[in-house]
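Right, one structure below, let's go through it.
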2 protein chains.
Amino acid sequence: MTEDRPGFELPLLLLAGFRALIDRLHAELARQGHPDMRPVHGFAMQAVGLDGASATELGRRLGVSKQAAGKTVDRLEELGYVERVDDPVDGRRKLIRLTPRGVDALGRSAIIFDELRADWAAALGVDRLADLEDALRTAVGSTELRVDTVSWFGT
Amino acid sequence: MTEDRPGFELPLLLLAGFRALIDRLHAELARQGHPDMRPVHGFAMQAVGLDGASATELGRRLGVSKQAAGKTVDRLEELGYVERVDDPVDGRRKLIRLTPRGVDALGRSAIIFDELRADWAAALGVDRLADLEDALRTAVGSTELRVDTVSWFGT
DNA sequence: ACAACTCGACAACCTGGTTTACCATTTCGA
DNA sequence: TCGAAATGGTAAACCAGGTTGTCGAGTTGT
């Protein structure tokens, strides 16, 4: 006998779980004053981080070209989540920095993710959830918890 | 005490798991004669199914507009995975049908997914993987295993 | 028979990705 | 030290796939 479960369900379950979390995150963020944030923005802002980054560095972290990173920064700048400031020591660089609004969004996201994880823990049991995380860590192996992976679907 | 693990890791682990499976699927599909297939195509072809579908129906299944579905069909048609045939009983409709190449790709995908699941079972243990799937099913709850969810990131 | 609905297609637009090219600046080595 | 090479940011042109709005052709129901 081979498998009693078809293999194609596994990726769908993983995706459904991911999507459920992200959808609920953004529903909550919208309620808390960030209705314009999109998943892609959260990833990008996470990659910018509290220390800021250059566009090139951001592209490297997100796994996209520096031009694509620049466009995303344009968007985040319009929405008021980041700002570009000239680098005082290198005339070529522009440092991308989170605005207070950006910091607020990131902080709220962290809190909401903790709450969502607590919901899962309540539904599954603390140990079972911990084992789920451990199992995933084992299965994905050396693959770092990358922050890129936003658009690699369509390409 | 609250949580010993930060909540933001859970979605990243789910995404990493999903991505690992999909990346390996497409690496294998490329080796087996389908180098042009993209994740988005697999979802769409799955939604077309062996019975075919109209563009409007396909859009409904994928959770996108009929126009977007039509564009995806254009692409799949170029790649030789589907064909449009006139519906004999309804002059407005065009039935989208998998070509033999499309059926081949779908069949290979199913086999590869089974193999990938077997890899996970070998790495985690059969019971642990089954529990992971059960836990995910419980956590995502009523959310159907939807085939849409392709592009809802960026929007 | 005719009004209302449905299907598919087209157009215009958005986001976010790519490659190519260019300018400004910094770095490095002869 | 000074010019060549490397690097950072931006712009242009393009692609994929998403949106809404419009419209003609074909079906359906009264």
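These values consider heavy atoms only, across backbone and side chains, with no hydrogens, waters or symmetry-generated copies. A note on names: the letters A, B, ... follow the listed sequences, proteins ahead of strands, and every chain is numbered from 1.
Proximity of B/Ser54 to the phosphate of C/dT6: no side-chain N or O atom is located under 4.0 Å from OP1 or OP2. A close approach under 4.0 Å does not occur between any side-chain nitrogen or oxygen of A/Arg75 and OP1 or OP2 of C/dG17. Not one side-chain nitrogen or oxygen of B/Ser65 sits closer than 4.0 Å to the OP1 or OP2 atom of D/dG17. In terms of phosphate contacts, A/Thr56 brings a side-chain nitrogen or oxygen within less than 4.0 Å of OP1 or OP2 of D/dG9.
Residue B/Val85 belongs to a hydrophobic cluster whose other members are B/Leu95, with links defined by side-chain heavy atoms closer than 4.5 Å.
At distances below 3.5 Å, at least one donor-acceptor pair connects side-chain atoms of A/Thr99 with backbone N or O atoms of A/Tyr81.
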Practice task
Any chance you could lay out the salt bridge (charged side-chain N to carboxylate O under 4.0 Å, His left out) test for B/Asp74 and B/Arg84, step after step, and finish with the verdict?
Solution key: CA-CA 9 Å; B/Asp74 289 344; B/Arg84 276 185 246 237; 2.2 Å; yes

Exercise for the section: Apply the test salt bridge (charged side-chain N to carboxylate O under 4.0 Å, His left out) to residues A/Lys94 and A/Asp87: give CA-CA distance (whole Å), side-chain angles for both, the deciding distance (0.1 Å), then the verdict. Expected result: CA-CA 5 Å; A/Lys94 294 200 179 156; A/Asp87 186 313; over 6 Å; no

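Following chains of ILVMFWY side-chain contacts shorter than 4.5 Å, one cannot reach B/Phe8 starting from A/Ile111, and the two form parts of different hydrophobic clusters.
Partners of B/Glu57 by side chain to side chain donor-acceptor pair (under 3.5 Å), not counting sequence neighbours, listed by chain and number: B/Arg60, B/Arg61.
In this structure, B/Gln67 and A/Ala69 both approach DNA chain C, and ranking their closest nucleotides by distance from the 5' end singles out B/Gln67.
For the segment residues 85-95 of chain B, residues with any heavy atom less than 4.0 angstrom from an atom of DNA chain C are, sorted by number, B/Arg92, B/Arg93, B/Lys94.
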